[in-house]
Amino acid sequence: MGNAISRRDFVKTAGVLAAGTGTAFGDGPSPGGEGPIVLAPRSVAPVVVSSANGNKYRNGGSRTCVEEAFERIVRGEDVLDALVAGVNIVELDPEDDSVGYGGLPNADGVVQLDASCVHGPKKRAGAVAALEGLRTPSRVAKAVMELTDHHLVVGKGAQDFARQLGFEVEDDLNTERSRRMWLEWKRRIDPQHWVDPSRRSEAGRAAARAMIAEGLLDPQHVFGTINCNGVSPKGEVCGVTTTSGLAFKIPGRVGDSPILGAGLYVDGEVGAAGSTGRGEANLFSLSSFFVVECLRRGMSAKDAGIEALRRVVSRTEKRLLDERGYPRFGLRFYVVDRKGGFAGVSMYAKSVPSWMDAFDPPAKVVSFAVCTQNGPETRPCDVLLDVDPPAEA
Ligand code: ASP
């Protein structure tokens, strides 16, 4: 990259910018005229925060998502452009089977992708859902934001929109691996056709459970997504979320990721939040919106995220609670505030294998990715429920 800066340069730049943090806030009026007065920062320590996959996949290059986005932000690039360039790395990496190209397909073997983005300073948003044939739905979401009067375009309309703009539309986004996984799942659930929808759905779950137990599927990627939020040295906040959604979902199922207020919410005067995990739980409480409202009332990024998880638990239907009264699913939020405060929070410290009952999960510590002037890191999330995740989801 011709205009790339060295790590030492950007650390130096960020360090200088960060030197003013904590003392450089003026008494700016609240432009919205509602809620408490929002302090307008003159200089903040830039930060990019994302789900853990944002510091894992490189698509054969040298940088992870959070690293790429952070370097671009520090160079002065538009924050949303930088974040989208970051998540593009994960979308294009066939190794991440929860996002973009290589994402696991729906029950019919078709890869359908969802994405959303919000530009805080511009007060604009765009999203796509059930989009087929495009490896980088985040870019199409950004085009919806930039070029249309709308916030959400779905299905065939979204694909046509992308084609008209010159995006490459492919017939089939499956990789060899995602197709193999789908074929294996299909083989297991449908020895005799799908006559009884309820039995079909139970068979589908049993098949996925067995495939996880055999090490074919990663339980973390039955649900899976990347959310990435960032703040520039000027306090400009943006966010993006992109996903292939729930693996082997009912065709047309859309989760939280492309829904403003659910999988992503940004208020440029306050902060940003986005999520990964059981989209339905998040949709039911519009949790990202709730997180940002908690920030607005003065909560820290961590407390705001934990409060949203608490709200989700209190609004969870009985069928989704275990015998202890705890949710049988995982949910995580990634939060930044306009002053550069950030957090990754999770329902449980260890991973939950979602709806796969009777499966003994190889529980992993749930973490998030962050890039600051100290470089990219993967850190454990702060946790709401300090108990073992449900043994049976
Ligand atoms: N939240 C996404 C969805 O429900 C999936 C995930 O993040 O794991 O579509």
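None of the values given here were measured: they were computed from a predicted structure.
- When atom types are taken as modelled, the side chain of Thr241 and the backbone of Ser257 share no donor-acceptor pair closer than 3.5 angstrom.
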Practice item. Applying side-chain contact (heavy atoms from CB on, under 4.5 Å), run through Arg135 and Leu173 and close with a yes or a no. Key: CA-CA 7 Å; Arg135 296 188 182 203; Leu173 279 195; 3.7 Å; yes
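- Under the side chain to side chain contact (heavy atoms under 4.5 Å, CB included) test applied with Tyr101, the options Thr175, Val90, Asn174, Asn59 reduce to a single match, Thr175.
- No donor-acceptor contact under 3.5 angstrom links the side chains of Ser285 and Arg311, judged on distance only.
- Pairing each heavy atom of Met181 with each of Leu104, the nearest pair is CB-CD2, 3.9 Å.
- Looking at Asp96, Ile226, Val99, Asp93 one by one, the single match for side chain to side chain contact (heavy atoms under 4.5 Å, CB included) with Cys65 turns out to be Ile226.
- With hydrogens and angles ignored, the 3.5 Å screen pairs a side-chain donor or acceptor of Lys249 with a backbone N or O of Gln112.
- Salt bridge Asp322/Arg324: present, at least one basic N to carboxylate O contact under 4.0 Å.
- Counting only heavy atoms from C-beta outward, the side chains of Arg139 and Val84 approach each other to under 4.5 Å.
- Under the 4.5 Å side-chain criterion, counting only non-hydrogen atoms from C-beta, Ser346 is not in contact with Phe368.
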Point to revise | Stepwise side-chain contact (heavy atoms from CB on, under 4.5 Å) test for Asn227 and Leu264 | key: CA-CA 8 Å; Asn227 161 249; Leu264 177 66; 3.7 Å; yes
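- Rounding to the nearest 0.5 Å gives a distance of 8.0 Å between OG of Ser178 and CG of Asp97.
- A salt bridge links Glu269 with Arg338; the closest basic N to acidic carboxylate O contact falls under 4.0 Å.
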**Study point:** Worked check of salt bridge (Lys or Arg N to Asp or Glu O under 4.0 Å) between Glu67 and Arg58
**Key:** CA-CA 10 Å; Glu67 217 173 348; Arg58 296 169 195 272; 3.7 Å; yes
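- Rounded to the nearest 0.5 Å, atoms OG (Ser367) and CZ (Arg332) are 9.5 Å apart.
- Between Pro46 and Pro233 there is a side-chain heavy-atom pair separated by less than 4.5 Å.
- Residues Asn55 and Thr378 have side chains that bring a donor and an acceptor to within less than 3.5 angstrom of each other.
- Closest of all the heavy-atom pairs between Glu91 and Pro137 is OE2-CD, 3.3 Å.
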Exercise for review: List the steps, then state whether side-chain contact (heavy atoms from CB on, under 4.5 Å) holds for His119 with Asp78.
Suggested key: CA-CA 9 Å; His119 197 292; Asp78 176 81; 2.7 Å; yes
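- The backbone N or O of Glu77 sits nowhere less than 3.5 Å from a side-chain atom of Arg72 that would complete a donor-acceptor pair.
- To the nearest 0.5 Å, atoms CD1 (Ile89) and OG1 (Thr136) are separated by 12.5 Å.
- With hydrogens and angles disregarded, a donor-acceptor distance shorter than 3.5 Å links the side chain of Arg315 to the backbone of Phe284.
- Residues Tyr57 and Val48 fall within the same hydrophobic cluster, defined by Ile, Leu, Val, Met, Phe, Trp and Tyr side chains chained together at heavy-atom separations under 4.5 Å.
- Considering all non-hydrogen atoms of both residues, Val266 and Val237 come closest at CG1-O, 3.6 Å.
- No donor-acceptor pair under 3.5 Å is formed between the side chain of Glu68 and the backbone N or O of Arg63.
- Note that CD of Glu280 and CG of Leu246 are 7.0 Å apart. Values are rounded to the nearest 0.5 Å.
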Review point. Could you go step by step and tell me if Asp160 and Arg163 meet the side-chain contact (heavy atoms from CB on, under 4.5 Å) rule?
Key: CA-CA 5 Å; Asp160 290 346; Arg163 184 183 287 110; 3.1 Å; yes
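- For residues 260-282, the set of pairs meeting the ring-ring contact (aromatic ring centres under 6.0 Å, His included) definition, not counting sequence neighbours, comprises Tyr265-Phe289.
- Side-chain heavy atoms closer than 4.5 Å link hydrophobic residues (I, L, V, M, F, W, Y) into clusters, and following such links, possibly through other members, connects Leu309 to Leu385.
- Note on Val254: it does not cluster hydrophobically with Phe329, by side-chain heavy-atom contacts below 4.5 Å among ILVMFWY residues.
- Checking side-chain atoms of Asn229 against main-chain N and O of Tyr334 turns up a donor-acceptor pair under 3.5 Å.
- With hydrogens and angles ignored, the 3.5 Å screen pairs no side-chain donor or acceptor of Ser51 with any backbone N or O of Asn53.
- Listed by chain and number, the hydrophobic cluster partners of Phe167 are Val128, Leu131, Leu134, Val140, Val144, Leu147, Val153, Phe161, Leu165, Val169, where partners are ILVMFWY side chains within reach of under 4.5 Å, directly or through others.
- Within 6.0 Å of the CD atom in Glu317, the count of heavy atoms belonging to other residues, nucleotides or ligands exceeds 12.
- For the pair Pro258 and Ala129, the tightest heavy-atom approach, listed with the atom from each and the gap, is CG-CB, 3.9 Å.
- A donor-acceptor pair shorter than 3.5 Å can be found between the side chains of Asn88 and Ser138.
- The cluster map of Ile, Leu, Val, Met, Phe, Trp and Tyr, joined by side-chain heavy atoms under 4.5 Å apart, puts Val118 and Leu152 in different clusters.
- Clustering of Ile, Leu, Val, Met, Phe, Trp and Tyr by side-chain heavy atoms under 4.5 Å joins Leu92 with none of the others.
- Of the possible polar contacts, none joining the Thr316 side chain to the Leu320 backbone as a donor-acceptor pair under 3.5 Å is found.
- Under the 4.5 Å side-chain criterion, counting only non-hydrogen atoms from C-beta, Pro327 is not in contact with Val312.
- For the pair Met347 and Tyr326, the minimum side-chain heavy-atom distance is 4.5 Å or more.
- Side chains of Pro105 and Phe248 form a contact here, defined as non-hydrogen atoms less than 4.5 Å apart.
- Residues Gly263 and Ser288 share a closest heavy-atom pair of C-OG, 3.8 Å.
- Here the NE2 atom belonging to His151 is positioned 9.5 Å from the CE atom belonging to Met145, to the nearest 0.5 angstrom.
- By the 4.0 Å N-to-carboxylate-O rule, Glu146 lies too far from Lys122 to be salt-bridged with it.
- Side-chain contact check for Cys381 versus Val345: every heavy-atom pair is 4.5 Å or farther apart.
- Here Asp81 contributes atom CG and Cys117 contributes atom SG; the two are 9.5 Å apart, rounded to the nearest 0.5 Å.
- The closest side-chain heavy-atom distance from Val335 to Leu295 is below 4.5 Å.
- Shortest non-hydrogen contact noted between Val313 and Leu384 is CG2-CD2, 3.8 Å.
- Remark: the backbone N or O of Ala130 is paired with a side-chain donor or acceptor of Asp114 at under 3.5 angstrom.
- Following chains of ILVMFWY side-chain contacts shorter than 4.5 Å, one can reach Phe333 starting from Ile306, so the two form part of one hydrophobic cluster.
- Judged purely by distance below 3.5 Å, without hydrogens or angles, the side chains of Asn282 and Ser287 pair a donor atom with an acceptor atom.
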